[in-house]
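Okay, so here's the structure we're looking at.
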Amino acid sequence: MLKRPGGLSDVPQVKLNISEAGFPAPFYQGLEYSSPARGTWNIAHTGFLIPGAHEIFVCPYGCLRGVVLTAAEMNALDRYSSISISEENVLDGGMESLMIDGVSEIVERLEPKPPVVLIYISCQHFFLAYDQDYVFETLRNKYPDISFVDCYMIPTLRKSGVTPDQKMKVQMHASWKKTDTVNEKAVNLIGSDLPLYEKAELREWLGNEGIEIKEISTCTTFEEYMKMSESGLNIYYEPSVKMAADDLEERLGMKNLYLTFSYDKAELMNDYGMLAEALGLKVPDFSEDIKLMEEEIRKAKDIIGDTEIVIDYTFTFRPLSMAALLLEEGFNVTEVYTDSFVADDKVVFDRLRISHPDLKICPTNQPEMRFVHDDSLNEEVRSSEGVKSVTEKSVSVLALGQKAAYFRGTDHFVNVAESGGYFGFRGIAEIFRLMIEAYCEKKDRRSLIQMKGIGCESCI
């Protein structure tokens, strides 16, 4: 009798109890699987945040395919160009000429001329004796009014040294220049693809003090983006942005402060204390914001009850911190999907190993996960033409994040990536409101999770 391969009963058990997991990397890193959940941002999405920026990718055809689709899905093809590397370019030693001539031809055709051109180089450049300094010096001399920024699409760096994402965060600010003007009434929130939650108490607090929060994600002109270099302080809450913050401090003398993206009340109050000290302010009374958060948590618990909840790392930078809050409030969190942990979650990790030793830690990129996608919660509606639709039988699993929704096959999920900017007590309150909404209303999971870059314009 024929048997369909890849049934759940055939899959090796790759999930671990947190009591058995190591920190910070609980799973062996080798051959990887990529699920169809595409909501996180990539380096092309991030580069387009710079107003007026034009991106040029220099790599072989095979690598260009995914990038051009990203630009097309964003309706940003007018801001995207590519230079294809062929075998001949690799063998004849003319990479520098290919780069200079190709970029020049593209720039000459652009009207108006872009204020900044992001040139993404690939693995091929590192395999060759390629003189990058010569290429960029030539381009800058030829087009002095354009800022040429080197960016990197090099997957081989993902497992060694600086990752492409970390480097992209640095290069996002490469056009900024040192200035003698310092605006003490402005702070930058740097490195985030998504803006800070519009109702965040941090935004209101600083606004009441006459201090503006500036973000690249909300800049509408290149001049506005460049003025950010005059701000008196850079704050960031994504761990991968540390290198960018340190680079700006060393290169431009801009002070920086790291705020942990926490779901713990004490950690948040500590963050606000550090920020108040850095800005010479007093910490305001956040009791009403804390009350709002606690009220939304109670509402969510009353509605969601003991429904199984699963979380993944694309939903938040700190999935263990979120899991800890939910578990402490009596929610039924059973699984956390992540391939590694951030250093900020070490204390939470140690605490959960004792308080909830059976909490499952699940990988997302292990090859076995190819067969773990579970659609048993759903039933297929068939016709003579085949499967017409898939409907969920009941709300038995609520997912926070697209990958968790995909692996558990649930249409009840919070469609948020990269923490969604929901920082602070009001941000946490909004997350619980979104959980209630996700519990009560199904989403079209199959359509939503294939859209790249949650928060970007999408033509899909």
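Being a predicted model, the structure only gives us computed values, none of them experimental.
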Which residue pairs pass the ring-ring contact (aromatic ring centres under 6.0 Å, His included) test with at least one member in residues 181-200, sequence neighbours excluded? Tyr197-Tyr422
Which residues share a side chain to side chain donor-acceptor pair (under 3.5 Å) with Arg298, sequence neighbours left out: none
Does Asn183 have any side chain to side chain donor-acceptor pair (under 3.5 Å) partners at least two apart in sequence or in another chain, and if so, which? none
Which residues pass the side chain to side chain donor-acceptor pair (under 3.5 Å) test with Ser287, not counting sequence neighbours? Asp285
Among pairs that include at least one residue of residues 328-350, which meet salt bridge (charged side-chain N to carboxylate O under 4.0 Å, His left out), considering only residues two or more places apart or in two chains? Lys15-Glu335, Arg318-Asp345, Glu328-Arg351, Glu335-Arg408, Lys346-Asp350
Do Thr314 and Ile454 make a side-chain contact, defined as non-hydrogen atoms from C-beta onward lying under 4.5 Å apart? no
Return the CD to OH distance between Glu267 and Tyr272, rounded to the nearest 0.5 Å. 12.5 Å
Inter- and intrachain pairs under ring-ring contact (aromatic ring centres under 6.0 Å, His included), touching residues 325-365, at least two apart: Phe23-Phe341, Phe23-Phe349, Phe331-Phe432, Tyr337-Phe407, Phe341-Phe349
Please answer whether the main-chain N or O of Leu268 pairs with a side-chain N or O of Ser262 as donor and acceptor at a distance below 3.5 Å. no
Between Gln171 and Asp150, does any side-chain donor sit less than 3.5 Å from a side-chain acceptor? yes
Are there over 12 heavy-atom neighbours, none belonging to Lys443, within less than 6.0 Å of that residue's NZ? yes
Return yes if a side-chain donor-acceptor contact under 3.5 Å exists between Thr316 and Tyr263, otherwise no. yes
